[in-house]
Amino acid sequence: MARFAPSPTGYLHIGGARTALFNWLFARGRKGRFLLRIEDTDRARSTPEATQAILDGLRWLGLDWDGEPVSQYARRERHAEVARQMLARGTAYKCFSTPEEIEAFRERARAEGRSTLFLSPWRDADPATHPDAPHVIRLKAPRSGETVIEDEVQGRVTFRNDQLDDMVCLRSDGTPTYMLAVVVDDHDMGVTHVIRGDDHLTNAARQAQVYHAMGWDIPVWAHIPLIFGEDGRKLSKRHGAVGLHEYAAMGYPPSAIRNYLCRLGWSHGDDEFFTDAQAMAWFDLKDIHRSPARLDFRKLESLSGRHIAAMEDARLLAEIGTYLAATGAAPLSQAQQSALSRALYCLKDRAKTFPDLLEKARFVLESRPVEPDEAARRALDPVSRGILGELTPQLQNASWTKEGLDAALQAFATARGTGFGRIAGPLRAALAGRMVTPGVTDMMLVLGREETIARIGDALG
RNA sequence: GGCCCGUUCGUCUAUCGGUUAGGACACCAGGUUUUCAACCUGGGAAGAGGGGUUCGACUCCCCUACGGGCUGCCA
């Protein structure tokens with residue numbers, strides 16, 4: 001039983017997406033359950049829009065979860081109940097120190113170069129001396145010895161208990177902190193494997209103390225390194241694309257993102273290009289690396305091209321539709337869709353992304369008269385138009401098959417004593433209005449004899 | 001400051017004490033060619049630095065440097 005537990009304070013981050021992916025692969029590969037929990041205990045920063053964005057992002061990535069997403073905030077009564085139980089068990093205590101007092105303590109500690117860990121004077125106070133005042137509930141953490149984390153990725157990590165303070169479990173307003181809530185929820189939800197970012201590694205030690213305080217079993221932990229930007233710095237807004245939605249808008253297929261993200265910080269020998277089924281079969285926590293990986297768009301692009309080439313036509317068409325919607329572009333008409341699907345065979349293995357594919361598909365998406373771009377205009381100089389003029393009658397009689405057209409074009413080139421390229425260029429310009437397109441005979445095949453000759457006619461003006 | 005984690009080609013990585021340190025992406029040169037993509041051939045490219053341990057270290061230990069995390073009544 002694995003889970004993904006994002007806090008809804010923004011869009012789904014590419015690093016968060018990989019964490020979700022690892023959990024999903026791990027759970028699905030072992031016939032386990034994959035749960036979703038929204039960590040919305042910070043009311044000031046959590047928004048429903050962000051929750052929606054995260055759900056949308058996971059759906060787009062193709063990561064399905066079991067059951068309804070759990071709201072952590074909705075479980076606040078349960079968290080408070082556990083805090084009271086800890087109080088009753090003597091593993092937690094009420095602390096009446098005010099934020100001002102604590103801040104003053106830290107100020108002094110910093111000035112004197114001492115540890116800023118706050119040691120509450122209320123830890124061992126007699127309840128009879130408790131004032132009737134606002135208070136928090138703190139964990140009564142062990143002061144000596146050490147807390148050991150057995151981590152599937154990081155190995156055995158040891159923390160000295162005197163480096164860990166008595167963290168707040170229940171705030172003075174009665175709401176739980178993340179540290180308490182995450183433990184209670186993981187326990188109640190039956191989460192057996194916690195796979196999350198290594199920014200939580202130190203927290204794991206504190207959380208282990210809560211598990212101990214309640215006498216609960218500790219889950220298997222796997223703290224995975226963060227993803228860095230191309231410059232090796234930690235990912236931030238200035239790196240450009242950090243939100244998953246931006247990758248959707250750039251026209252990468254979700255399968256390629258899954259494949260790419262999976263290979264970031266995890267490997268299975270020399271395998272680079274693989275399916276979800278293979279990833280699920282191969283994925284194991286022990287193969288996750290301990291060092292952070294950088295994003296490399298070149299590699300993503302290469303993988304993207306291979307996934308597009310390998311995709312079934314129907315699926316490709318559907319995903320192009322999703323891509324168009326993500327960018328706010330107009331959807332393809334019924335006619336454009338069927339024309340595009342006829343052309344996919346000569347398009348899918350030469351495109352790296354959806355916009356790349358769409359650009360090369362212009363010849364079949366545009367209707368007459370096609371508007372040539374600058375390069376195409378240059379290719380339609382008078383001499384070239386003359387060639388096209390001579391070619392037209394040959395096309396009237398050519399057999400309209402791949403072989404027939406190749407033969408006809410070849411024969412025409414030979415008869416004129418020119419190279420094939422001298423003919424292909426102008427043809428490309430006339431048929432597509434672009435100079436980067438699929439092969440000319442493929443375009444002619446897709447367009448048909450009538451349309452082909454009509455477009456050449458348009459170009460001859 | 002304290003504690004914790006990390007460091008193999010430009011990038012992602014293989015290696016799990018004995019290898020000419022392998023692969024992929026990217027790059028360079030050549031080939032194929034009808035533009036793009038693809039493809040073929042070849043090439044350059046790495047163990048952060050310093051100490052140990054060992055017959056032998058990329059691999060184990062220590063130190064340093066650099067990067068990152070935690071150190072909140074944020075998550």
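Just so it is clear, the values below take in all heavy atoms, side chains as well, and ignore hydrogens, waters and symmetry mates. Note on naming: letters A, B, ... go to the chains in the order of the sequence lines (proteins, then strands), and numbering restarts at 1 for each one.
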Kindly indicate whether the side chain of Asn203(A) and the base of A75(B) share any N or O donor-acceptor pair separated by less than 3.5 Å?
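Result: at least one qualifying N/O pair found.
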Under 3.5 Å, is there any donor-acceptor pair linking the side chain of Arg290(A) to the base of C5(B)?
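Flag unset: no donor-acceptor pair detected.
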Base-pairing mate for [N] - Watson-Crick or G-U, with both contacts under 3.5 Å:
| N | result |
| --- | --- |
| U54(B) | none |
| C27(B) | G43(B) |
| A65(B) | U7(B) |
| G1(B) | U71(B) |

Can you name the nearest heavy-atom pair linking Leu21(A) to Cys262(A), along with the distance?
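For Leu21(A) versus Cys262(A), the nearest heavy atoms are CD2-N, 3.6 Å.
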Please give me the minimum heavy-atom distance between Leu117(A) and Asp162(A), naming the atom from each residue.
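Residues Leu117(A) and Asp162(A), closest heavy atoms: CD1-O, 3.7 Å.
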Side chain of [X]: nearest nucleotide among [options]?
| X | options | value |
| --- | --- | --- |
| Ser7(A) | C3(B), A75(B), G72(B) | A75(B) |
| Arg206(A) | A75(B), G6(B), C70(B) | C70(B) |
| Leu264(A) | C12(B), U7(B), C73(B) | C12(B) |
| Lys299(A) | C73(B), G69(B), A24(B) | A24(B) |
| Asp296(A) | C74(B), C70(B), G10(B) | G10(B) |

Name the nucleic acid region contacted by His200(A), choosing base, sugar-phosphate or nothing; use a 4.0 angstrom heavy-atom cut-off, strictly under.
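Answer is base: heavy atoms of His200(A) come under 4.0 Å of a base.
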Base, sugar-phosphate or nothing for Thr202(A)? Non-hydrogen atoms, less than 4.0 Å.
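The residue Thr202(A) makes base contact.
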Establish, with yes or no, whether the OP1 or OP2 oxygen of [N] is under 4.0 angstrom from a side-chain nitrogen or oxygen of [X].
| X | N | answer |
| --- | --- | --- |
| Ser302(A) | A24(B) | no |
| His289(A) | A14(B) | yes |
| Arg171(A) | C74(B) | yes |

Tyr211(A) and His187(A): CA distance, side-chain angles, deciding distance, ring-ring contact (aromatic ring centres under 6.0 Å, His included) verdict:
CA-CA 9 Å; Tyr211(A) 279 99; His187(A) 172 263; 7.3 Å; no
Spacing of the C1' atoms in G50(B) and C58(B) (rounded, Å)
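Looking at atom C1' only, C58(B) and G50(B) are 16 Å apart.
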Crowding at CD, Glu374(A) (>12 non-hydrogen neighbours, <6.0 Å):
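Yes, enclosed.
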Taking the cut-offs as 6.0 angstrom to the six-membered ring centre and 45 degrees off its axis, would you call Arg108(A) and Phe105(A) a cation-pi pair?
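That pair does not qualify as a cation-pi contact.
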